[in-house]
Each structure stands twice: as C-alpha cells, then as structure tokens.
Amino acid sequence: MINQALTSSLRTDIVTKFTVISNQMKMFYGKGLLLMITEKWLEQPPQVLDRKL
C-alpha cells in the first residue's frame with residue numbers, strides 16, 4: 001500500500017523521506033532480530049514430525 005503511494009506520488013521529497021525511514025526500519029529490525037537470536041528469545045518454528053519410527 002505504501003509502495004503504491006510512493007510510486008504514484010509526484011513529490012520527490014516525500015519519496016526520499018519515506019525511503020530513508022524504510023531503510024532505518026530495516027536496520028532496526030535486523031538489530032532486534034540479532035538480539036533475539038543471541039539471547040535465545042526467538043522461538044523455533046514448529047517442525048515436521050518424524051514419521052519414520
């Protein structure tokens with residue numbers, strides 16, 4: 001939805017500002033993910049049962 005608004009916007013200052021904010025959000029998310037992995041807060045997703053018993 002935001003991408004559609006950015007591509008149809010005629011104001012380049014808004015597009016530039018949203019691009020900077022988006023890049024900052026990606027960096028923040030990456031640091032948070034690394035923190036969750038190192039602190040073992042990230043849960044393991046459900047695994048497939050071993051049916052070869």
Side-chain angles (χ1 to χ4, degrees):
M1 188 188 250
I2 291 176
N3 288 334
Q4 183 182 4
L6 287 177
T7 56
S8 63
S9 176
L10 297 176
R11 291 187 52 186
T12 57
D13 60 329
I14 293 176
V15 174
T16 309
K17 191 168 287 258
F18 272 118
T19 304
V20 170
I21 290 171
S22 176
N23 288 336
Q24 290 173 350
M25 286 173 54
K26 288 177 198 174
M27 288 186 347
F28 182 72
Y29 176 76
K31 289 179 182 179
L33 182 63
L34 288 176
L35 176 67
M36 289 176 65
I37 290 171
T38 56
E39 295 294 327
K40 297 185 172 135
W41 294 337
L42 188 65
E43 294 182 4
Q44 188 174 13
Q47 302 294 315
V48 178
L49 295 174
D50 186 16
R51 298 185 186 265
K52 298 179 181 178
L53 294 177

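The chain is numbered in sequence order, starting from 1.
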Could you give the side-chain donor-acceptor pairs of residues 32-41 under 3.5 Å, partners two or more places apart or in another chain?
{"from": "T38", "atom 1": "OG1", "to": "L34", "atom 2": "O", "distance (Å)": "3.1"}
{"from": "T38", "atom 1": "OG1", "to": "L35", "atom 2": "O", "distance (Å)": "3.0"}

Inset, instruction - Could you list all the salt bridge (charged side-chain N to carboxylate O under 4.0 Å, His left out) pairs where at least one residue sits in residues 5-16, not counting sequence neighbours? - result: R11-D13

Legend entry - For I21, the rest of its hydrophobic cluster, which grows through side-chain links under 4.5 angstrom: M25

Inset, instruction - Hey, could you give me each pair passing side chain to side chain donor-acceptor pair (under 3.5 Å) that has a residue in residues 14-36? Not counting sequence neighbours. - result: none

